[in-house]
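Data first, discussion second: the structure below is written as structure tokens.
Counting from 1, the numbers follow the sequence of the chain as shown.
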Amino acid sequence: MPEIVEHRNQALSQLHLSIVSGCLVQTISTLLGVAAGWYTVQPPVPEKVVIKDVFPVVSGGLWGAGLGFALALIVVNRKLRELKDGRF
């Protein structure tokens, strides 16, 4: 019985690490989307920072969040498949 508990704890630990990795991927992707939207709105002159339109920033953030969510699902799904097959 302790072997089964050890195996379960190790599998849950692996799953936890993949969920944290997925969240990190989603956060970075969202921030990169916001940065891309910010870059499209800002003028090339660095001394004047004025947001003319907020839509590209929000749109970039949403695209980044969507892409990050898809990547996070792929990471977690791959780890679940590995755990289901018994390979970890």
Side-chain angles (χ1 to χ4, degrees):
M1 186 68 142
E3 224 175 275
I4 294 172
V5 173
E6 176 76 25
H7 184 69
R8 183 203 62 191
N9 289 341
Q10 189 175 8
L12 288 175
S13 174
Q14 292 284 329
L15 184 60
H16 179 262
L17 288 175
S18 70
I19 290 172
V20 169
S21 298
C23 289
L24 185 64
V25 165
Q26 183 172 3
T27 302
I28 290 171
S29 180
T30 303
L31 291 176
L32 286 175
V34 169
W38 177 267
Y39 180 75
T40 60
V41 172
Q42 290 304 312
V45 181
E47 58 266 354
K48 190 171 188 177
V49 177
V50 177
I51 297 178
K52 297 176 184 173
D53 188 15
V54 173
F55 180 72
V57 177
V58 173
S59 177
L62 289 175
W63 274 102
L67 182 64
F69 185 71
L71 290 173
L73 282 179
I74 290 169
V75 167
V76 172
N77 193 18
R78 183 174 292 157
K79 182 52 76 175
L80 280 174
R81 199 172 301 143
E82 285 179 8
L83 291 174
K84 187 176 173 183
D85 293 341
R87 303 172 290 153
F88 64 89

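- We find the CD1-OG distance between Ile74 and Ser18 to be 13.0 Å, quoted to the nearest 0.5 Å.
- Every side-chain contact (heavy atoms from CB on, under 4.5 Å) that Val20 has, sequence neighbours left out, goes to His16.
- To the nearest 0.5 angstrom, Asn9 atom CG is 12.0 Å from Gln14 atom CD.
- When all heavy atoms of Val57 and Val34 are compared, the closest pair comes out as CG1-CG1, 4.0 Å.
- Residues Thr30 and Ala65 come closest through the heavy atom pair OG1-CA, 3.3 Å.
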Just list the side-chain donor-acceptor pairs under 3.5 Å for residues 22-29, sequence neighbours left out, or say none.
unit_1, atom_1, unit_2, atom_2, d
Thr27, OG1, Cys23, O, 2.9
Ser29, OG, Gly64, O, 2.7
Ser29, OG, Gly68, N, 3.4

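- Apart from Phe69 itself, the hydrophobic cluster it occupies contains Leu73, where clustering links Ile, Leu, Val, Met, Phe, Trp and Tyr at side-chain heavy-atom distances under 4.5 Å.
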